[in-house]
Asker: 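Encoded as structure tokens, here's the structure I'll be asking about.
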Amino acid sequence: QVQLVESGGGLVQAGGSLRLSCAASGSTSRINAMGWYRQAPGEQRELVATITSIGTTNYADSVKGRFTISRDNAKNTVYLQMNGLKPEDTGVYYCNVRTRWGPVEYDYWGQGTQVTVSS
């Protein structure tokens, strides 16, 4: 089992910045990737960014050049630095971890943190 605690959301003006954090505990040795997804009101949840245990990153086209994902393996924590925020970035941001248990993979999700960007 893996437990996730998110922090760092809030209300900012367009062009501002926020830094999200997600700390994992439990069976952290099973984690092979961590990432962030978001869900705007009335929309489907979408991928924002992911990072593997060896540091390979992937970003949604809409956030490339503005957001940076990183992780501290010693602290089992993943971060999302969000710069140049736009109103369309508004939504609930969810931390995701992918674990491997032998041949089985499981995804775990954080509780979500609200990000609101005013125009």
Asker: Heavy-atom distance under 4.5 Å between the side chains of Ile51 and Trp36, does that happen here?
Answerer: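 No, every pair of side-chain atoms sits at 4.5 Å or beyond.
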Asker: How far does OG1 of Thr99 sit from CH2 of Trp101, to the nearest 0.5 angstrom?
Answerer: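 The CH2 atom of Trp101 is 6.0 Å from OG1 of Thr99, to the nearest 0.5 Å.
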Asker: For Arg98, is the CZ atom crowded, meaning more than 12 foreign heavy atoms sit under 6.0 Å from it?
Answerer: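 Count not over threshold, so no.
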Asker: Search all heavy atoms of Ser70 against all heavy atoms of Arg19 and return the closest pair with its distance.
Answerer: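 Closest pair (atom of Ser70, atom of Arg19, distance): OG-NH2, 4.1 Å.
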Asker: Look at the side chain of Thr90 and the backbone N and O of Val117, then say whether any donor-acceptor pair between them is shorter than 3.5 Å.
Answerer: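 Indeed, once roles are kept as given, a pair shorter than 3.5 Å links the two residues.
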Asker: CZ of Arg100: more than 12 outside heavy atoms within 6.0 angstrom?
Answerer: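 Not buried by this count: 12 neighbours or fewer within 6.0 Å.
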Asker: Would a 4.5 Å heavy-atom cut-off, applied to side chains only, mark Ile31 and Arg71 as touching?
Answerer: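 Contact flag for Ile31/Arg71 side chains = yes.
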Asker: Using 0.5 Å steps for rounding, measure from the OG atom of Ser119 to the NZ atom of Lys86.
Answerer: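 One gets 14.0 Å once the value is rounded to the nearest 0.5 Å.
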Asker: Taking atom types as modelled, is there a side-chain donor on Asn32 or Ser53 under 3.5 Å from an acceptor on the other?
Answerer: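 The criterion, which ignores hydrogens and geometry beyond distance, is not satisfied for Ser53 and Asn32.
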Asker: Testing the basics here: between Gly84 and Ser17, what is the closest heavy-atom pair and its distance to 0.1 Å?
Answerer: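 For Gly84 versus Ser17, the nearest heavy atoms are N-OG, 4.3 Å.
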Asker: Which pair of heavy atoms, one from Leu47 and one from Ala60, lies closest together, and at what distance?
Answerer: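 Here Leu47 and Ala60 meet closest at O-CB, 3.4 Å.
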Asker: In the structure I gave you, are the side-chain heavy atoms of Leu4 and Gln111 within less than 4.5 Å of one another anywhere?
Answerer: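 Result no, sub-4.5 Å side-chain heavy-atom pair not found.
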Asker: As an exercise, state the distance from OG of Ser62 to CG of Asp89, rounded to the nearest 0.5 Å.
Answerer: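 Spacing of OG (Ser62) from CG (Asp89) equals 7.0 Å.
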Asker: Main chain of Gly112, side chain of Glu6: is a donor-acceptor contact present, judged purely on distance under 3.5 Å?
Answerer: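 Such a contact is found between Glu6 side chain and Gly112 backbone.
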Asker: Please identify which of these residues, Thr57, Asn58, Val78, meets the side chain to side chain contact (heavy atoms under 4.5 Å, CB included) condition with Thr50.
Answerer: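 Testing Thr50 for a side chain to side chain contact (heavy atoms under 4.5 Å, CB included) against Thr57, Asn58, Val78 leaves exactly one candidate, Asn58.
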Asker: Once you measure the plane-to-plane angle for Trp109 and Tyr94, does it fall in the parallel (<30°), tilted (30-60°) or perpendicular (>60°) bin?
Answerer: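 Judged by the thresholds at 30° and 60°, the geometry between Trp109 and Tyr94 is perpendicular.
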Asker: Rounded to the nearest 0.5 Å, what's the gap from CD on Gln81 to CG on Leu18? Could you check?
Answerer: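 Here the interatomic distance stands at 8.5 Å.
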Asker: Side chains of Val115 and Met82: does their closest heavy-atom pair fall under 4.5 Å?
Answerer: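 Yes, at least one pair of side-chain atoms sits under 4.5 Å.
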Asker: Taking the side chain as C-beta and beyond, is there a heavy-atom pair between Tyr59 and Thr68 under 4.5 Å?
Answerer: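 Contact flag for Tyr59/Thr68 side chains = yes.
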Asker: Which atoms form the tightest heavy-atom contact between Gly102 and Arg30, and what is the distance?
Answerer: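 Looks like N-NH1, 4.4 Å.
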Asker: If you apply the rule side chain to side chain contact (heavy atoms under 4.5 Å, CB included), what do you find for Arg38 with Leu80, and how did you get there?
Answerer: CA-CA 12 Å; Arg38 69 187 180 189; Leu80 185 68; over 6 Å; no
Asker: Find the distance between OH (Tyr108) and OG (Ser27) and round it off to the nearest 0.5 Å.
Answerer: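 Result: 7.0 Å between the selected atoms.
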Asker: Flag the pair Lys64 and Asp61 as a salt bridge only when some basic side-chain nitrogen lies within less than 4.0 angstrom of an acidic carboxylate oxygen.
Answerer: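 Yes, charged N to carboxylate O under 4.0 Å.
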